[in-house]
*Asks:* 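Quick one: structure below, then a few questions.
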Amino acid sequence: MCEDDHTTTGMGRRALFVTGAATALTLNSVSFASAADGRTPADGTKTTKATKATKATKATRTVKGTLPPGAPDFVYVPVEVPRGVREIHVAYTYTKATVPAGTQNNALDIGVFDERGTELGGKGFRGWSGGARTEFFVRADDATPGYIPGPVRAGTWHIALGPYTVAPEGLPYELTVTLTYGEQGRTPSPVYPPSRAKGRGRAWYRGDCHIHSWFSDGKRTPAEIAALARAAGLDFINSSDHNTHSSHAHWADQAGDDLLIMLGEEITTRNGHVVALGTDPGTFVDWRYRARDNRFGKYAREVRRAGGLVVPAHPHATCIGCNWKFGFGEADAVEVWNGPYTADDEISLADWDNTLVASARGSRQWIPAMGNSDAHRDPDRIGGPQTVVLADGLTREAIQAGIKAGRSYVAESKSVELTFTASGSRGEHAGIGERLHVDPDTPVTVRLDVKGAPGCTLHVVTDQGTLFTSPALPESGSGTAEWRTTASYAAYVRAEVRHAPTVPGLPGALTAFTNPVFLGT
């Protein structure tokens, strides 16, 4: 599957194998002299710099190759690391091609696994930067963001190349590995943020659970993110860097009585992304599988065993590999609104709404919706949108319980507030995410109160569609709408608040929406 430049690399193809999931290619090993004897390897490897370890502290090998169209999802380059190594440093480049419009160009991700191996779900993971960085290092006392500090032990390490997209003429790459010999430093003990903040007792709490830092492909530090979260009026956030948990030990000094920081990961597969929301500190969840591999259920259960929620992200996003193809049988919630409101969010909202009918009649558990910013860098807005959750306190467990129960609504900013209830004729009452237990023909009054939405219209949506639309709200942004129905006519009711349309015949962008109130016994 892989062309190798043997005159410059000494790497031949080794094996194409199945890891129990997506196919992977392992190439021939790159070897180095040991720190003790200073010998140059006799494996035919040609190097860009070859110095004896007894006379220098570093040794470098450079390898080249070309990945063809249809390459495996992951190509592993084994590196034989001898004893006495203090640091492993890897740099890589690859060539962009000239491609016609509509054809994907080359994109190559990178990461590393240590001597414990590349087994799916194993313990060997030491970091991933995707396509965000051109180099990284790992040593005992420090590592590049996205990578895990720890001992550089002797054995076979594997550099993981991920050909995300490959141009028709192939993907030429060059990989440079440098080992630094010497005494290893001391690995710091991780400190994690607390799982609770002061809170206000049972109350509505605002959060953003899909945020990227410079520990993956974001540009902001944890300190910058925390400051922006507070400015956005958030009570909680969840870290969700792509395919790595390396940020977990860097959030503790940003938490406080006013901000709960939960830890997680955006599990970024080739068939969609899923947010692991609020997992135990230090939890890593593998991503190296596709929907056809029938592996997602195992890793969804792993997220839940680690105390987290499984939340498919931007299920109808248009980026390569972003569209969700695993189904929703393992989902605890679904991210319906992702960042600035666009056409794919409208599709996600409609698709989610279509799942509510079966749930309304009790034939299956319903899946709550949520919204997050997916913020990476300026001008991405932390807390735009934000999920507002009714929880018993500002703790990881309470916030997760509120999200999983659907006791939440999504708002574009802290300025938007709403309440949404359904009431029966005999004093029966239900709020967002609850069921109003009434007979089929009992009159039901639905009430929506909104603040902070000037010029917006209020909508009541049922299993039949949008059955009520209000006039535009005044400049004050406050207003109330009431609508009457029965459980026989509406299996559920939910609310939407929308801006004025910008394209005739199409709905305006969302300002806010709620999870449903179900009607009937």
Side-chain angles (χ1 to χ4, degrees), residues 73-74 90-94 96 104-113 125-138 143-148 159-166 171 173 208-226 228-229 237-251 254 261 263-277 279 283-288 311-315 317-324 335 338-340 342 344 372-384:
D73 286 350
F74 302 100
V90 177
Y92 82 118
T93 60
Y94 63 92
K96 292 280 191 178
Q104 294 297 322
N105 211 328
N106 289 326
L108 185 63
D109 295 339
I110 197 166
V112 70
F113 291 77
F125 176 76
R126 291 297 293 271
W128 182 258
S129 49
R133 290 181 168 82
T134 59
E135 59 183 307
F136 65 85
F137 73 89
V138 175
T144 299
Y147 295 80
I148 313 301
I159 298 164
L161 300 176
Y164 185 60
T165 51
V166 180
L171 193 162
Y173 67 90
D208 187 348
C209 294
H210 188 168
I211 299 172
H212 296 279
S213 75
W214 69 355
F215 286 88
S216 61
D217 61 343
K219 298 297 184 183
R220 293 166 173 154
T221 66
E224 290 169 332
I225 291 171
L228 290 168
I237 60 174
N238 177 74
S239 73
S240 55
D241 285 311
H242 292 283
N243 294 346
T244 182
H245 59 293
S246 65
S247 74
H248 287 193
H250 298 272
W251 287 101
Q254 305 306 321
I261 298 179
L263 304 176
E265 176 188 338
E266 184 173 8
I267 305 163
T268 307
T269 81
R270 298 299 179 87
N271 284 163
H273 303 182
V274 57
V275 173
L277 196 165
T279 52
T283 297
F284 166 69
V285 185
D286 215 319
W287 74 93
R288 295 171 293 160
V311 183
H314 45 66
T318 57
C319 48
I320 298 296
C322 294
N323 200 274
W324 184 251
E335 186 184 76
N338 175 276
T342 56
D344 61 284
N372 301 298
S373 71
D374 199 0
H376 286 70
R377 60 188 65 84
D378 293 338
D380 298 352
R381 185 167 60 88
I382 301 289

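Nothing fancy with the numbering, it's 1 onward along the sequence.
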*Asks:* Do the side-chain N and O atoms of Thr269 and Asn271 include a donor-acceptor pair separated by under 3.5 angstrom?
*Replies:* no

*Asks:* Keeping the roles fixed (side chain from His273, backbone from Pro312), state whether a donor-acceptor pair exists under 3.5 Å.
*Replies:* no

*Asks:* Indicate yes or no for a side-chain donor-acceptor contact from Asp286 to the backbone of Arg288 under 3.5 Å, with no hydrogens or angles considered.
*Replies:* yes

*Asks:* For residues Arg133 and Tyr92, report the shortest heavy-atom separation together with the two atoms involved.
*Replies:* O-CE2, 3.2 Å

*Asks:* For Leu263 and Ser239, work out which heavy atoms get closest and say how close.
*Replies:* CA-OG, 3.5 Å

*Asks:* So which atom in Val90 and which in Ile159 form the shortest heavy-atom distance, rounded to 0.1 Å?
*Replies:* CG2-CD1, 3.8 Å

*Asks:* side-chain hydrogen bond (donor to acceptor under 3.5 Å, both in side chains), that's the test. Do Ser213 and Asp241 meet it? Break it down for me.
*Replies:* CA-CA 7 Å; Ser213 75; Asp241 285 311; 2.9 Å; yes

*Asks:* For Thr244, does its backbone N or O pair with a side-chain atom of Ser246 as donor and acceptor, under 3.5 Å?
*Replies:* no

*Asks:* Would you say the side-chain atoms of His245 and Glu265 include a donor-acceptor pair closer than 3.5 Å?
*Replies:* no

*Asks:* Nearest heavy-atom pair of Tyr147 and Ser129: which atoms, and what distance?
*Replies:* OH-OG, 2.7 Å

*Asks:* Parallel, tilted or perpendicular: which describes the rings of Trp128 and Trp287, with under 30° parallel and over 60° perpendicular?
*Replies:* tilted

*Asks:* For the side chain of Glu224 and the backbone of Thr221, is there at least one donor-acceptor N/O pair under 3.5 Å apart?
*Replies:* yes

*Asks:* Will you find, in the side chains of Tyr173 and Thr93, an N or O donor that is under 3.5 Å from an N or O acceptor?
*Replies:* no

*Asks:* Would you check if there is a donor-acceptor pair between the side chains of Glu335 and His314 at a distance under 3.5 Å?
*Replies:* no

*Asks:* Please report the shortest heavy-atom distance between Asp378 and Arg220, naming the atom on each side.
*Replies:* OD1-NH2, 2.6 Å

*Asks:* Please list, chain by chain and in numerical order, all residues satisfying side-chain contact (heavy atoms from CB on, under 4.5 Å) with Lys96, sequence neighbours excluded.
*Replies:* Tyr94, Asn105

*Asks:* Check Val275 against Ala313 and note the closest heavy-atom contact, atom names and distance.
*Replies:* CG2-CB, 4.2 Å

*Asks:* Testing the 3.5 Å rule here: is there a donor-acceptor pair between the side chains of Ser373 and Asp208?
*Replies:* yes

*Asks:* Are the side chain of Asn238 and the backbone of His210 linked by a donor-acceptor contact shorter than 3.5 Å?
*Replies:* no

*Asks:* Does any N or O in the side chain of Ser247 come within less than 3.5 Å of the main-chain N or O of Gly146, such that one atom is a donor and the other an acceptor?
*Replies:* no

*Asks:* So, Arg270 side chain and Gly321 main chain: donor-acceptor pair closer than 3.5 Å or not?
*Replies:* no

